[in-house]
Participant: 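Could you have a look at this structure, given as structure tokens, before my questions?
All residue numbers in this chain count up from 1 along the given sequence.
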Amino acid sequence: MTADDPSHPPVPGRTRALLRSLTPDLSPWRASRDFRYLWTSGCITSFGGFLTLVAVPMQIKELTGSSFAVGLIGAVELVPLIVFGLWGGALADALDRRKLVLRAEVALGLLAGLLLLNALLPDPMLWPIYLVAALVAAADGIQRPALDSLLPRLVPHQHLTAAFALRSLYHNAASVAGPALAGVVVAFAGVQTAYALDVLTFVVSLLLLVRIKAVPPPTGAERPSVRAVLTGVRYAWSRKDLLGTYAIDLCAMLFAYPVAVFPFLASELGADWALGPMYAASALGALLVGATSGWTSRVHRHGRLLVAAAVGWGAAMALAGLTGHIWLVLLGLALAGGFDEISGLARSTMWNQSIPDEVRGRMAGVELLSYSVGPQLGQVRAGTMAGLVGVRAAVWAGGAACVVAVVAVAAALPKLLAYDDRTDPHAAAVRAEHERTAREAAPAT
């Protein structure tokens, strides 16, 4: 037998193909200089964000000793996030998205600086922390739609799934390592150091973001207004496949997001030591999927992938509640995190493959609500149900309810299951627009 014998393909070739399918697709990184700047900026600010995320509740606890005062941060953030998330979507469709991201990044950096100044006072005050938290939520609501709708303008259309997989990779890595690193910094160096490091990450991030090319709005873009926001909401309602992605994400978070009861679950299982690993397990599962996500670039039926992943998320959470062994609980949470990562990739790809650029920002605002409000409601659901039927029952019953709800949504919205990026007319139109823009931007030969 020779090396060229067609009846016996060389094993190394098959091995390389297998490895490519189980490693991240780096095509967006190689194809787009601007994507590299955006990715690196996001990686840096993700770790900085966890420093403040841990430092703020710790500082409030030190100032008040009240768990209610700590929990009030979530309530302070919710309304600005909703209002400015929708308005930020309208702004993203009407303005240069790069400039909008930059201005919001400057605002977020200044707000981190205000937290640092307050922490450096001889007697730090409580009310500035709540005020800054609300303003951060507002700035994040403005920036996130612009940031999400910026990425499809920076990478080729066929690389969108890979781009979102790479972005989720650093987010999940930060979710695993960030809280642990932040806890060490706060414990040994104080909240002042955590805030100072966060300010530094914004400075570095800005130096990277300014190097990204301008991303002007589409020709004839609608001016930001309440009417423009409502136009985006009507568009979302008209697309039943998109409506299905929002509904499934809401169901998954409402019924199967039991993070609020993790401390009680750990105590009930006699494993208080496992509280930290419980918080990190789902992020670790998501990180493992992100690190082996090459296969997702070859998926075309993203609606079916989304439904299957959401069912897996609910089933894994049910497993975590039904078992009485802490290691099986951690396994269930890790599996849930992996399914959540697959679900997120499917949703993001559908959104960015098939939503026209002129409403992409407003749709990103609607998406921001779908994945921000759900976890808040899920926390309330889990805590209330745990008080009525017990902690483990609240976890497993929520997971089972998630499976039922996802199947019901899929049955009620068949266009979600029918979505195929090779034949979907919306995806075809967006792909054609990307190709036209690329041809116009290409230098004449």
Participant: Is it true that Tyr195 and Gln59 share a donor-acceptor pair across their side chains at a distance under 3.5 Å?
Facilitator: yes
Participant: Look up atom CG in Leu242 and atom CE in Met363, then write down how far apart they are to the nearest 0.5 Å.
Facilitator: 8.0 Å
Participant: For the side chain of Ser46 and the backbone of Gly42, is there at least one donor-acceptor N/O pair under 3.5 Å apart?
Facilitator: yes
Participant: Determine the minimum heavy-atom distance between Leu333 and Ala320, stating which atoms define it.
Facilitator: CD2-CB, 4.2 Å
Participant: May I have the step-by-step check of side chain to side chain contact (heavy atoms under 4.5 Å, CB included) for Ile82 and Val79, ending in yes or no?
Facilitator: CA-CA 5 Å; Ile82 292 173; Val79 173; 5.8 Å; no
Participant: Might you work through the side chain to side chain contact (heavy atoms under 4.5 Å, CB included) test for Lys213 and Arg98, ending with a clear yes or no?
Facilitator: CA-CA 8 Å; Lys213 66 182 181 184; Arg98 169 186 168 274; 5.7 Å; no
Participant: Would you say Ser32's side chain and Pro28's backbone share a donor-acceptor pair under 3.5 angstrom?
Facilitator: no
Participant: Are Tyr246 and Trp351 an aromatic pair, judged by ring center distance below 6.0 Å?
Facilitator: yes
Participant: Sub-3.5 Å donor-acceptor pair from the side chain of Asn352 to the main-chain atoms of Ser348, do we have one?
Facilitator: yes
Participant: What's the shortest heavy-atom distance between Glu77 and Ala133, and which atoms?
Facilitator: CG-O, 3.8 Å
Participant: Do Arg362 and Ser149 get their side chains close enough for a donor-acceptor pair, meaning under 3.5 Å?
Facilitator: no
Participant: Counting only heavy atoms not in Arg422, do more than 12 fall under 6.0 Å of its CZ?
Facilitator: yes
Participant: Is Val215 close to Leu154 at the side-chain level, that is, under 4.5 Å between some pair of heavy atoms?
Facilitator: yes
Participant: Counting heavy atoms not belonging to Trp87, are there more than 12 under 6.0 Å from its CH2?
Facilitator: yes
Participant: Side chains of Ile212 and Arg33: closer than 4.5 Å at any heavy-atom pair?
Facilitator: no
Participant: Are Thr245 and Asp241 packed together at the side-chain level, in the sense that at least one heavy-atom pair is separated by less than 4.5 angstrom?
Facilitator: no
Participant: Please find the pair of heavy atoms, one from Phe255 and one from Ala401, that lie closest to each other, and give the distance.
Facilitator: CD2-CB, 3.8 Å
Participant: What I'd like to find out is whether the side chain of Leu208 reaches to under 4.5 Å of the side chain of Leu38, using heavy atoms alone.
Facilitator: no
Participant: So if I apply the side chain to side chain donor-acceptor pair (under 3.5 Å) rule between Tyr419 and each of Arg301, Arg304, Lys240, Gln353, which one comes out positive?
Facilitator: Gln353
Participant: Measure across Leu254 and Arg381 and return the closest heavy-atom pair with its distance rounded to 0.1 Å.
Facilitator: O-NE, 3.3 Å
Participant: About how many Å separate CG of Leu330 and CG of Leu335, when rounded to the nearest 0.5 Å?
Facilitator: 11.0 Å
Participant: If you measure from CG on Leu110 to CG on Leu117, what distance do you get to the nearest 0.5 Å?
Facilitator: 10.5 Å
Participant: State which residue, out of Val101, Thr45, Leu150, fulfils the side-chain contact (heavy atoms from CB on, under 4.5 Å) condition with Leu209.
Facilitator: Val101
Participant: Between Arg431 and Asp421, is there a donor-acceptor pair closer than 3.5 Å when you use the side chain of the first and the backbone of the second?
Facilitator: yes
Participant: Run the numbers on Asp357 and Arg97 for salt bridge (charged side-chain N to carboxylate O under 4.0 Å, His left out), then give the verdict.
Facilitator: CA-CA 11 Å; Asp357 193 54; Arg97 290 167 185 170; 2.7 Å; yes
Participant: Any side-chain heavy-atom pair from Asp340 and Met253 closer than 4.5 angstrom?
Facilitator: yes
Participant: Tell me yes or no: between the side chains of His300 and Asp420, is some donor less than 3.5 Å from an acceptor?
Facilitator: no
Participant: State, yes or no, whether a side-chain contact exists between Val199 and Phe202 at a heavy-atom distance under 4.5 Å.
Facilitator: no
Participant: State, to 0.1 Å, how close Ala55 and Ala194 come at their nearest heavy-atom pair, and which atoms those are.
Facilitator: CB-CB, 3.9 Å
Participant: Rounded to the nearest 0.5 Å, what separation is found between the CG atom of Leu206 and the CG atom of Leu108?
Facilitator: 9.5 Å
Participant: Using 0.5 Å steps for rounding, measure from the OG atom of Ser205 to the OH atom of Tyr37.
Facilitator: 13.5 Å
Participant: I would like to know whether Val191 and Val185 meet side chain to side chain contact (heavy atoms under 4.5 Å, CB included); could you show each step before the answer?
Facilitator: CA-CA 8 Å; Val191 296; Val185 170; over 6 Å; no
Participant: Apply side chain to side chain contact (heavy atoms under 4.5 Å, CB included) to Leu413 and Val409, showing your working.
Facilitator: CA-CA 6 Å; Leu413 298 170; Val409 169; 4.0 Å; yes
Participant: Measure across Cys402 and Ala252 and return the closest heavy-atom pair with its distance rounded to 0.1 Å.
Facilitator: SG-CA, 3.8 Å
Participant: Would Ser343 and Arg347 count as having a side-chain donor-acceptor pair, cut-off 3.5 Å?
Facilitator: yes
Participant: Quick check for you: to the nearest 0.5 Å, what is the distance between Asp140 atom CG and Leu147 atom CG?
Facilitator: 9.0 Å
Participant: Any side-chain heavy atom of His159 within less than 4.5 Å of one from Trp29?
Facilitator: no
Participant: Side chains of Pro216 and Arg153: closer than 4.5 Å at any heavy-atom pair?
Facilitator: yes
Participant: Answer with yes or no whether the side chains of Asp198 and Thr201 bring together a donor and an acceptor at under 3.5 Å.
Facilitator: yes
